[in-house]
Amino acid sequence: MGSTLLSSCGSARRSEPLKGAVNISDPRVERGRFVYMANCNHCHPGGEAGLGPALNDKPLPEFLLKTQIRTGLGAMPSFSEAEISDGDVRAVIGYLKQIRAADAKPM
Ligand code: HEC
């Protein structure tokens, strides 16, 4: 389930990046948005810098995102699998790709 999410997210918009709005028509991206709002948004508001740095302005590789979520760094807490499942980590990463592509704040 999760691996198909990453491949479909990664390739769907390659030639034509989204502008202006976050595409949440994919239910797994919607799930990622939900997980993001619950766990990440208070420090990375809308993907922009808050207590943590902006996430929507640089192409962070997936393994790095996953490591960051699982192990934390500095002031960022770690999230165990009990807190965010592997599937939800993939959903969040898919969502982050969308906000980077759209360069827009989530609603
Ligand atoms: C308590 C606040 C807090 C929460 C909650 C939080 N972060 Fe962070 N995040 C930070 C801080 C602070 C840093 C910078 C850490 C450092 O470099 O010392 C950071 C860094 C990052 C980075 C690396 C950015 C870069 O430029 O290298 C990523 C990716 C990231 N966070 C993703 C997430 C995701 C995804 C979530 C939700 C699952 C999340 N964060 C939740 C505070 C937070």
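In each ligand, atom 1 is the first atom listed, and ligand 1 is the first ligand listed. Worth knowing before you read on, the calculation uses all heavy atoms, side chains too, and leaves out hydrogens, waters and symmetry mates.
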Visitor: Could you tell me the separation between the CE atom of Met76 and the NE2 atom of His44, rounded to the nearest 0.5 Å?
Guide: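 One gets 5.0 Å once the value is rounded to the nearest 0.5 Å.
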Visitor: Nearest 0.5 Å please: distance from the CZ atom of Arg31 over to the CG atom of Asp88.
Guide: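 Those atoms lie 4.0 Å apart.
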Visitor: With salt bridge (Lys or Arg N to Asp or Glu O under 4.0 Å) as the test, would you mind laying out the steps for Asp86 and Arg70 before giving the verdict?
Guide: CA-CA 10 Å; Asp86 275 344; Arg70 283 282 180 250; 2.8 Å; yes
Visitor: Which residue holds the protein heavy atom closest to atom 21 (C) of ligand 1, what is that atom called, and what is the gap in Å?
Guide: Gln68 NE2, 3.2 Å
Visitor: What closest approach, in Å, do Tyr36 and Leu55 show between heavy atoms, and which atom pair accounts for it?
Guide: OH-CD1, 3.8 Å
Visitor: So which protein heavy atom does atom 5 (C) of ligand 1 come closest to, and at what separation?
Guide: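 Of every protein heavy atom, Asn39 O, 3.2 Å lies nearest to atom 5 (C) of ligand 1.
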Visitor: Students should be able to answer this: which protein heavy-atom is nearest to atom 12 (C) of ligand 1, and at what distance?
Guide: Ala75 CB, 3.5 Å
Visitor: Heavy-atom distance to atom 14 (C) of ligand 1: which of Gly32, Pro53, Gly52 wins?
Guide: Pro53
Visitor: Do His44 and ligand 1 have an N or O pair less than 3.5 Å apart?
Guide: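 There is such a contact, yes.
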Visitor: Considering heavy atoms of the protein only, find what lies nearest to atom 29 (C) of ligand 1 and give residue, atom and distance to 0.1 Å.
Guide: Leu65 CD2, 3.2 Å
Visitor: Can you give me the closest heavy-atom contact between Gly46 and Asn41, atom names plus distance?
Guide: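 For Gly46 versus Asn41, the nearest heavy atoms are N-OD1, 2.7 Å.
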Visitor: Among all the protein's non-hydrogen atoms, which is closest to atom 27 (O) of ligand 1, and how far away is it?
Guide: Leu60 CD2, 4.3 Å
Visitor: I need the Gln68 CD to Ile93 CD1 distance, nearest 0.5 Å.
Guide: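 The distance works out to 11.0 Å.
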Visitor: Which residue supplies the protein heavy atom nearest to atom 2 (C) of ligand 1, what is that atom called, and how far is it?
Guide: Cys43 SG, 1.9 Å
Visitor: Do Glu62 and Lys97 come within less than 4.5 Å of each other through their side chains, counting heavy atoms only?
Guide: yes
Visitor: Quick test of your reading of the structure: of Ala38, Ser78, Cys40, whose heavy atom lies closest to atom 34 (C) of ligand 1?
Guide: Cys40
Visitor: Let me confirm one number: the CZ-NZ distance from Arg100 to Lys58, rounded to the nearest 0.5 Å.
Guide: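 Arg100 atom CZ to Lys58 atom NZ measures 9.5 Å (nearest 0.5 Å).
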Visitor: Between the candidates Leu51, Leu64, Leu73, which shows the shortest non-hydrogen contact distance to atom 16 (C) of ligand 1?
Guide: Leu73
Visitor: Ile84 heavy atoms, cut-off 4.0 Å: which ligand 1 atoms fall inside?
Guide: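 So the answer, numbered in order with elements, is 38 (C).
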Visitor: Which one holds for Met76 and ligand 1: side chain close, backbone close, both close, or neither close, with close meaning a heavy atom under 4.0 Å?
Guide: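 For Met76, backbone and side-chain atoms both sit under 4.0 Å from ligand 1.
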Visitor: Return the option from Lys58, Met37, His42 holding the heavy atom at the smallest distance from atom 26 (O) of ligand 1.
Guide: Lys58
Visitor: How many angstroms lie between CD1 in Ile84 and CD1 in Ile69, if you round to the nearest 0.5 Å?
Guide: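 If we round to the nearest 0.5 Å, Ile84:CD1 and Ile69:CD1 are 6.0 Å apart.
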Visitor: Where does Leu55 meet ligand 1, judged by heavy-atom distances below 4.0 Å: at the side chain, the backbone, both, or neither?
Guide: side chain
Visitor: Using a 4.5 Å cut-off on heavy atoms from C-beta on, say whether the side chain of Leu96 contacts that of Ile99.
Guide: yes
Visitor: Under a 4.0 Å heavy-atom limit, does Tyr36 contact ligand 1 with its side chain, its backbone, both, or neither?
Guide: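 No part of Tyr36 comes within reach of ligand 1.
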Visitor: Under 4.0 Å from any heavy atom of Ile69, which atoms of ligand 1 are there?
Guide: 35 (C)
